[in-house]
Amino acid sequence: MIKEYKTIREVANPLMIVNRVDGVTYDELGELELPNGDKRRCKVLEVENDVAVVQLFESAQGINLAETKVRFLGHPLELGVSEDMLGRVFNGMGEPIDGGPSILAEAHRDINGLPMNPASRAYPAEFIQTGVSTIDGLNTLVRGQKLPIFSCSGLPHAPLAAQIARQAKVLGGSENFAVVFAAIGITFEESEYFIQDFRRTGAIDRTVVFSNLANDPAVERIATPRMALTAAEYLAFEKDMHVRVILTDITNYAEALREVSAAKKEVPGRRGYPGYLYTDLATMYERAGRRLGKKGSITMIPILTMPEDDKTHPIPDLTGYITEGQIILSRELHRKGLEPPVDVLPSLSRLKDKGIGEGKTRGDHAGTMNQLFAAYARGKDAKELMTILGEAALSDDDKLFAKFSEEFESRYVSQGFEANRTIEETLTLGWELLSILPKRELKRIKQEFIEKYLPEEG
């Protein structure tokens with residue numbers, strides 16, 4: 001039997017303290033009933049003796065300490081899951097907001113999920129073709145990977161994420177795939193951009209959208225990505241789907257976490273964020289992956305805007321430790337009009353070596369990737385030297401590397417947000433660019449591949 005309490009001692013939005021509770025546990029879901037009959041949800045953050053600290057999911061306005069009733073429901077926050085979720089739009093608490101009927105749930109799942117036993121993880125090794133050359137050719141994404149996009153305010157991370165969601169596929173064979181998209185504290189326009197893009201391309205039928213907008217309660221933001229990941233786990237590991245999860249914007253999630261931490265009067269860590277930020281982010285990111293004995297998988301692309309364009313800020317810094325690399329967008333390339341403005345040199349996919357090579361992409365992939373990186377780095381150095389000393393100070397080889405750098409940015413990096421290049425097209429384009437350089441400079445590629453793939457001169 002569910003007990004009711006009228007023992008609220010204090011409300012300090014978004015927290016509330018309830019006295020004389022019995023049998024209440026950490027993370028348990030609660031329900032408030034206001035004197036006018038309105039109901040609001042909350043969850044238990046802390047219990048000490050008979051006092052519970054409760055986090056409100058909605059506004060504290062209208063709560064009367066003497067008359068408001070509190071009920072604890074005996075279970076954590078749950079999401080009703082079903083294949084019927086595909087093609088639907090939900091708010092950050094998992095309630096439909098697209099005008100359609102409520103979901104007839106096949107099961108209810110704790111949104112915190114269950115930790116994946118490391119011994120049951122399957123190593124990510126299958127190449128995912130995104131159609132974006134800077135990712136496929138140089139920072140390869142593999143199924144089950146966590147590969148975040150590090151962006152800056154005002155950069156086009158949304159079109160890039162939508163492009164990946166729309167185009168990504170595993171080569172050879174049809175796959176049962178789905179996209180789970182979570183909007184975390186973003187603007188209505190940005191959320192609507194994703195939804196309209198999914199509708200325009202027909203991808204909405206295979207997509208589940210959770211939308212927490214900037215004007216929604218900040219506390220709801222903490223639940224939104226977990227709702228999305230719970231839906232993804234159900235589709236991946238119970239319905240054998242290959243799920244791509246896009247979370248945007250992780251920075252807004254961390255800000256909400258900091259807000260609740262400050263309200264709890266916890267000792268702050270770096271830049272005021274709670275000391276457990278790393279652990280908290282890990283509980284989300286580590287839900288991606290593949291499981292032994294399961295056909296499905298979760299590939300995660302979190303998006304975060306770096307505060308003050310600072311890679312050393314706690315949010316991108318800690319994210320980089322937990323995930324397997326990062327795709328970094330560059331303000332400088334964006335000013336040049338390159339789309340997408342991916343800065344390939346600091347970008348990294350730690351699992352790229354596992355997803356490329358003979359039988360996955362092509363035998364020359366690793367060599368051309370390393371050669372393109374090296375040539376672009378040298379070309380950028382040559383251009384900087386040219387800016388300082390003038391073109392006359394460059395050797396003939398340096399001039400060729402500077403030309404390569406320009407061509408690489410304009411043809412390889414910049415491809416627009418609609419182009420869907422196959423891995424063959426990406427590798428062929430790489431060889432065309434390498435043909436600008438003297439053959440003796442191609443030191444990172446096996447001779448057999450140079451003879452096979454390098455275009456003939458003239």
Side-chain angles (χ1 to χ4, degrees), residues 132-141 150 152 155 309 311 320 325-353 355-357 361-415 421 423-458:
V132 181
S133 290
T134 47
I135 298 175
D136 293 349
L138 302 174
N139 296 289
T140 311
L141 177 68
F150 286 9
C152 307
L155 295 191
D309 298 6
K311 280 187 289 190
Q326 65 276 332
I327 302 297
I328 297 182
L329 302 191
S330 159
R331 201 176 287 285
E332 180 188 350
L333 295 180
H334 181 57
R335 288 196 193 104
K336 289 183 181 179
L338 304 188
E339 292 182 341
V342 176
D343 195 350
V344 298
L345 294 180
S347 295
L348 169 70
S349 170
R350 293 192 180 96
L351 298 179
K352 63 187 173 188
D353 295 338
I356 64 175
T361 53
R362 214 166 68 182
D364 60 314
H365 191 157
T368 54
M369 174 180 70
N370 293 334
Q371 191 65 65
L372 287 168
F373 267 122
Y376 181 49
R378 183 169 167 185
K380 289 192 77 173
D381 288 344
K383 284 172 65 180
E384 286 180 19
L385 197 61
M386 189 190 303
T387 304
I388 298 166
L389 301 177
E391 190 173 342
L394 298 186
S395 67
D396 290 341
D397 281 358
D398 282 342
K399 289 174 185 174
L400 287 175
F401 275 101
K403 180 186 177 186
F404 169 87
S405 175
E406 290 284 353
E407 291 284 313
F408 179 81
E409 287 181 357
S410 63
R411 295 176 60 195
Y412 195 97
V413 176
S414 186
Q415 66 175 77
R421 293 176 181 165
I423 187 60
E424 293 281 340
E425 290 171 334
T426 291
L427 292 171
T428 300
L429 178 56
W431 279 107
E432 287 175 17
L433 293 169
L434 290 173
S435 69
I436 295 171
L437 305 174
K439 195 180 286 189
R440 68 177 183 280
E441 292 291 344
L442 305 183
K443 301 169 183 174
R444 297 170 185 270
I445 309 176
K446 291 179 180 177
Q447 189 61 35
E448 62 184 277
F449 294 133
I450 293 176
E451 291 169 4
K452 184 175 180 180
Y453 294 111
L454 189 67
E456 293 293 327
E457 294 180 19

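All figures in this text were calculated on a predicted structure; none of them were measured in a lab.
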Inset, instruction - Test side chain to side chain contact (heavy atoms under 4.5 Å, CB included) on Met386 and Lys399 and set out the steps. - result: CA-CA 9 Å; Met386 189 190 303; Lys399 289 174 185 174; 5.6 Å; no
Legend entry - Note, Cys152 side chain near Leu329 side chain (heavy atom, < 4.5 Å): no
Legend entry - Pairs where residues 367-381 contributes a residue and the test salt bridge (charged side-chain N to carboxylate O under 4.0 Å, His left out) is met, not counting sequence neighbours: Arg378-Asp398, Arg378-Glu441
Legend entry - Side-chain donor/acceptor of Gln371 to backbone N/O of Arg444, under 3.5 Å: yes
Inset, instruction - May I ask you to check whether over 12 heavy atoms, not counting those of Lys311, lie within 6.0 Å of atom NZ? - result: no
Inset, instruction - Only counting residues at least two apart or in another chain, list the ones meeting side-chain contact (heavy atoms from CB on, under 4.5 Å) with Ile388. - result: none
Legend entry - Reported CG-to-CG distance for the pair Leu429 and Leu372, which is rounded to 0.5 angstrom: 8.5 Å
Inset, instruction - Heavy atoms only: give me the nearest Ile445-Ile450 pair and the separation to one decimal. - result: O-CD1, 3.8 Å
Legend entry - side-chain contact (heavy atoms from CB on, under 4.5 Å) partners for Thr428, two or more places apart: Arg362, Glu432
Inset, instruction - State whether the side chain of Ser414 and the backbone N or O of Arg411 hold a donor-acceptor pair below 3.5 Å, judged by distance alone. - result: no
Inset, instruction - Sequence neighbours left out, what passes side chain to side chain donor-acceptor pair (under 3.5 Å) with Asn370? Give chain and number order. - result: none
Inset, instruction - Enter the distance from Lys439:NZ to Gln447:CD here, rounded to the nearest 0.5 Å. - result: 7.0 Å
Inset, instruction - Could you tell me which residues satisfy salt bridge (charged side-chain N to carboxylate O under 4.0 Å, His left out) with Glu391, sequence neighbours excluded, listed by chain and number? - result: none
Inset, instruction - State, yes or no, whether a side-chain contact exists between Asp397 and Arg440 at a heavy-atom distance under 4.5 Å. - result: yes
Legend entry - Close side-chain approach of Val342 and Tyr412, heavy atoms under 4.5 Å: no
Legend entry - Interatomic distance, Glu384 atom CD to Leu389 atom CG [nearest 0.5 angstrom]: 11.5 Å
Legend entry - Taking every non-hydrogen atom, the tightest pair across Pro340 and Val132: CG-CG1, 4.2 Å
Legend entry - Residues forming a side-chain contact (heavy atoms from CB on, under 4.5 Å) with Glu448, sequence neighbours excluded: Lys446
Legend entry - salt bridge (charged side-chain N to carboxylate O under 4.0 Å, His left out): pairs with one or both residues in residues 334-348, sequence neighbours excluded: Lys336-Glu409
Inset, instruction - To the nearest 0.5 Å, tell me how far Ile356 CD1 sits from Leu138 CG. - result: 10.0 Å
Legend entry - Where Ile436 and Lys403 come nearest, the two heavy atoms and their spacing: CG2-CD, 4.1 Å
Legend entry - Separation of Tyr376 OH from Phe408 CZ (nearest 0.5 Å): 6.5 Å
Inset, instruction - Would you check if Phe373 and Asn139 make a side-chain contact, meaning some heavy-atom pair closer than 4.5 Å? - result: yes
Inset, instruction - Taking Ser435 for its side chain and Leu454 for its backbone only, find out whether a donor-acceptor pair lies under 3.5 Å. - result: no
Inset, instruction - Find out whether Thr140 and Ile135 are in side-chain contact, i.e. whether some heavy atom of one side chain is under 4.5 Å from a heavy atom of the other. - result: no
Inset, instruction - Report yes if the side chains of Thr368 and Phe449 come closer than 4.5 Å at any heavy-atom pair, otherwise no. - result: no
Inset, instruction - Assess whether side chain to side chain contact (heavy atoms under 4.5 Å, CB included) is satisfied between Phe150 and Ile327, documenting all intermediate values. - result: CA-CA 6 Å; Phe150 286 9; Ile327 302 297; over 6 Å; no
Legend entry - Any side-chain heavy-atom pair of Leu434 and Phe404 under 4.5 Å: yes
Legend entry - Contacts of type side-chain contact (heavy atoms from CB on, under 4.5 Å), residue Glu425, not counting sequence neighbours: Arg421, Thr422
Inset, instruction - Keeping to residues at least two apart or across chains, list the salt bridge (charged side-chain N to carboxylate O under 4.0 Å, His left out) pairs with something in residues 367-376. - result: none
Legend entry - side chain to side chain donor-acceptor pair (under 3.5 Å) partners of Thr361, counting only residues at least two apart: His365
Legend entry - Test side chain to side chain donor-acceptor pair (under 3.5 Å) applied to Thr426 - qualifying residues, sequence neighbours left out: Ser133
Inset, instruction - Using a 4.5 Å cut-off on heavy atoms from C-beta on, say whether the side chain of Gln326 contacts that of Leu348. - result: yes
Legend entry - Straight-line distance of Asp136 CG to Ser349 OG, nearest 0.5 Å: 10.5 Å
Legend entry - side chain to side chain donor-acceptor pair (under 3.5 Å) partners for Arg331, two or more places apart: Asp309
